[in-house]
Enquirer: 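Mind having a look at this structure? Questions to follow.
These numbers come from a predicted model, not from an experiment. Throughout, numbering of the chain's residues begins at 1 and tracks the sequence.
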Amino acid sequence: MSQFFIVGAGCGDPGLITVKGMDLLKRADILIYAGSLVNPELVEASPAEQKLDSSKMNLDEICGAIRTGVSEGKRVVRLHSGDPAIYGAIVEQMAVLAREGITAEIIPGVSSLFGAAAALKTQFTLRGVSESVIITRPAGATLEYDRIREFSRFGETLVIFLGTEKIHEIMERVECSQDTPAAVVYHASWDDQRIVKGTVADIADKADAAGITKTALIIIGEAVLGIESGFIHSHLYS
């Protein structure tokens with residue numbers, strides 16, 4: 001039976017962690033959490049004897065703490081923000097530990113992707129508006145080349161993580177109409193959540209004016225408009 005668990009904390013609101021995730025949090029002996037990206041209320045809810053902020057640790061240190069805990073028969077919970085499957089960097093941790101026979105059980109969480117949709121009161125897949133969601137991020141220190149330009153041509157809902165600091169550059173590169181709806185959602189589901197809406201032409205300036213420079217998602221596409229998007233009614237309710 002696994003003693004190592006990777007748990008998605010949800011996107012901010014502590015009520016959005018899964019029941020199973022909270023149960024593990026409350027039974028953890030060692031908690032390794034993703035710094036300020038995780039609501040401190042969740043960290044406080046755990047009675048773990050050891051709590052480690054992974055934002056101050058490198059990969060070797062994180063894996064070392066997990067390895068030591070498991071070898072001592074302790075329950076180790078690695079608490080990631082949102083859902084660990086989206087830019088969670090969990091596979092590289094598991095790869096290191098797998099060489100020593102340590103495997104993880106993964107408990108999904110509510111991604112900020114879905115927290116942002118809830119904040120905007122919309123669906124990212126909406127009949128007659130968008131049938132697909134494209135999730136991506138801009139190039140940077142850890143990514144040499146991105147495909148934002150190509151993805152923007154599809155006319156589907158485009159969700160961009162880790163891009164708020166480069167929002168002006170991103171909006172200059174996207175190849176969709178300048179009047180395409182766009183939004184920036186800061187800290188989706190947190191108490192200090194903020195939403196800025198506009199178009200490809202003006203969303204960067206509006207985000208600047210709101211002082212949003214990080215920890216936000218950029219959403220581009222008609223789905224941003226929700227009930228005002230001109231959607232076609234689903235057969236589900238016909």
Side-chain angles (χ1 to χ4, degrees), residues 8 10-12 16 37 80-89 108-190 193-232 234:
C11 49
L16 293 179
L37 298 177
H80 275 265
S81 60
D83 183 286
I86 305 293
Y87 302 116
V110 177
S111 170
S112 57
L113 163 70
F114 305 116
L120 291 168
K121 302 186 187 304
T122 191
Q123 297 174 218
F124 286 158
T125 56
L126 189 55
R127 190 165 181 245
V129 176
S130 173
E131 293 297 333
S132 303
V133 183
I134 300 170
I135 304 167
T136 191
R137 57 168 291 190
T142 59
L143 180 65
E144 183 177 354
Y145 174 74
D146 66 59
R147 300 182 63 193
I148 289 175
R149 188 186 303 277
E150 294 95 319
F151 289 149
S152 69
R153 298 171 186 159
F154 288 106
E156 304 290 354
T157 305
L158 181 61
V159 180
I160 302 173
F161 280 70
L162 306 168
T164 322
E165 294 179 355
K166 300 180 178 181
I167 190 168
H168 284 275
E169 176 188 337
I170 289 168
M171 292 305 150
E172 289 172 0
R173 293 176 57 216
V174 295
E175 295 186 357
C176 51
S177 173
Q178 289 291 294
D179 62 1
T180 301
V184 172
V185 180
Y186 170 82
H187 260 192
S189 85
W190 291 69
Q193 170 185 287
R194 277 184 287 165
I195 301 169
V196 175
K197 291 184 180 181
T199 64
V200 166
D202 63 17
I203 193 64
D205 288 336
K206 287 186 173 182
D208 284 349
I212 300 174
T213 59
K214 60 181 180 178
T215 326
L217 290 185
I218 302 167
I219 301 100
I220 301 172
E222 297 293 333
V224 165
L225 300 178
I227 61 174
E228 299 176 354
S229 63
F231 67 94
I232 298 171
S234 168

Enquirer: Report yes if the side chains of Asp83 and Val110 come closer than 4.5 Å at any heavy-atom pair, otherwise no.
Expert: no

Enquirer: Nearest 0.5 Å, what's the CD1-CZ distance between Ile218 and Arg137?
Expert: 12.5 Å

Enquirer: Going by salt bridge (Lys or Arg N to Asp or Glu O under 4.0 Å), name the residues that satisfy it together with Arg194, two or more places apart in sequence or in a different chain.
Expert: none

Enquirer: Taking the side chain as C-beta and beyond, is there a heavy-atom pair between Ser132 and Thr157 under 4.5 Å?
Expert: no

Enquirer: What is the minimum heavy-atom distance between Ala216 and Val184, and which atoms define it?
Expert: CB-CG1, 3.8 Å

Enquirer: Could you measure the distance from the CZ atom of Arg127 to the CD1 atom of Ile232? Nearest 0.5 Å is fine.
Expert: 5.5 Å

Enquirer: Taking the side chain as everything from C-beta on, heavy atoms only, tell me whether Pro181 gets closer than 4.5 Å to Thr199.
Expert: no

Enquirer: When you look at CD of Glu150, are more than 12 heavy atoms from neighbouring residues, nucleotides or ligands closer to it than 6.0 Å?
Expert: yes

Enquirer: Taking atom types as modelled and ignoring hydrogens, do the side chains of Thr125 and Glu131 form a donor-acceptor contact shorter than 3.5 angstrom?
Expert: no

Enquirer: Locate the shortest heavy-atom distance separating Leu113 from Phe124; write the atom from each residue and the value.
Expert: O-CE1, 3.2 Å

Enquirer: Check the orientation of Phe151 and Phe154. Use parallel for under 30°, tilted for 30 to 60°, and perpendicular for over 60°.
Expert: tilted

Enquirer: For a quick test of reading the model, state the closest non-hydrogen atom pair linking Gly163 to Pro138 and the distance between them.
Expert: CA-CG, 3.6 Å

Enquirer: Return the CD to OG distance between Glu175 and Ser152, rounded to the nearest 0.5 Å.
Expert: 5.5 Å

Enquirer: Compare all side-chain heavy atoms of Ile170 with those of Ile148 and state whether any distance is below 4.5 angstrom.
Expert: yes

Enquirer: Heavy atoms only: give me the nearest Ile220-Ile160 pair and the separation to one decimal.
Expert: CD1-CD1, 4.2 Å

Enquirer: Keeping the roles fixed (side chain from Asp205, backbone from Asp202), state whether a donor-acceptor pair exists under 3.5 Å.
Expert: no

Enquirer: Can you check whether Ile219 reaches Leu158 side chain to side chain, under 4.5 Å on heavy atoms?
Expert: no

Enquirer: Would you say Lys206's side chain and Lys197's backbone share a donor-acceptor pair under 3.5 angstrom?
Expert: yes

Enquirer: Looking at CG of Leu217 and CZ of Phe161, how far apart are the two atoms once the value is rounded to the nearest 0.5 Å?
Expert: 5.0 Å

Enquirer: Return yes if some donor-acceptor pair links the side-chain N/O of His80 with the main-chain N/O of Gly8 below 3.5 Å, else return no.
Expert: no

Enquirer: For residues Leu120 and Ile195, determine if any side-chain heavy atom of one lies less than 4.5 Å from a side-chain heavy atom of the other.
Expert: yes

Enquirer: State the CD-OG1 distance between Glu222 and Thr180, to the nearest 0.5 angstrom.
Expert: 6.0 Å

Enquirer: Please name the pair of heavy atoms, one in Thr164 and one in Ile212, separated by the smallest distance, quoted to 0.1 Å.
Expert: CG2-O, 3.7 Å

Enquirer: Is Thr122 reaching over with its side chain to a backbone N or O of Ala223, donor-acceptor style, under 3.5 angstrom?
Expert: yes

Enquirer: Met171 vs Ile203, test: side-chain contact (heavy atoms from CB on, under 4.5 Å). Steps then yes/no.
Expert: CA-CA 8 Å; Met171 292 305 150; Ile203 193 64; 3.7 Å; yes

Enquirer: To the nearest 0.5 angstrom, please state how far the CD atom of Gln193 sits from the OG atom of Ser112.
Expert: 11.5 Å

Enquirer: Between Ile86 and Ser111, what is the shortest heavy-atom contact and its length?
Expert: CG1-OG, 4.3 Å

Enquirer: Check this for me, if you would: do Asp146 and Arg173 make a salt bridge, where the nitrogen-to-carboxylate-oxygen distance has to be below 4.0 angstrom?
Expert: yes

Enquirer: Does atom CD1 (Ile227) have a neighbourhood of more than 12 heavy atoms from anything else shown, all under 6.0 Å?
Expert: no

Enquirer: Side-chain contact, heavy-atom cut-off 4.5 Å: Tyr87 with Ile135?
Expert: yes

Enquirer: With a 4.5 Å limit on heavy-atom distance, are the side chains of Cys176 and Val200 in contact?
Expert: yes

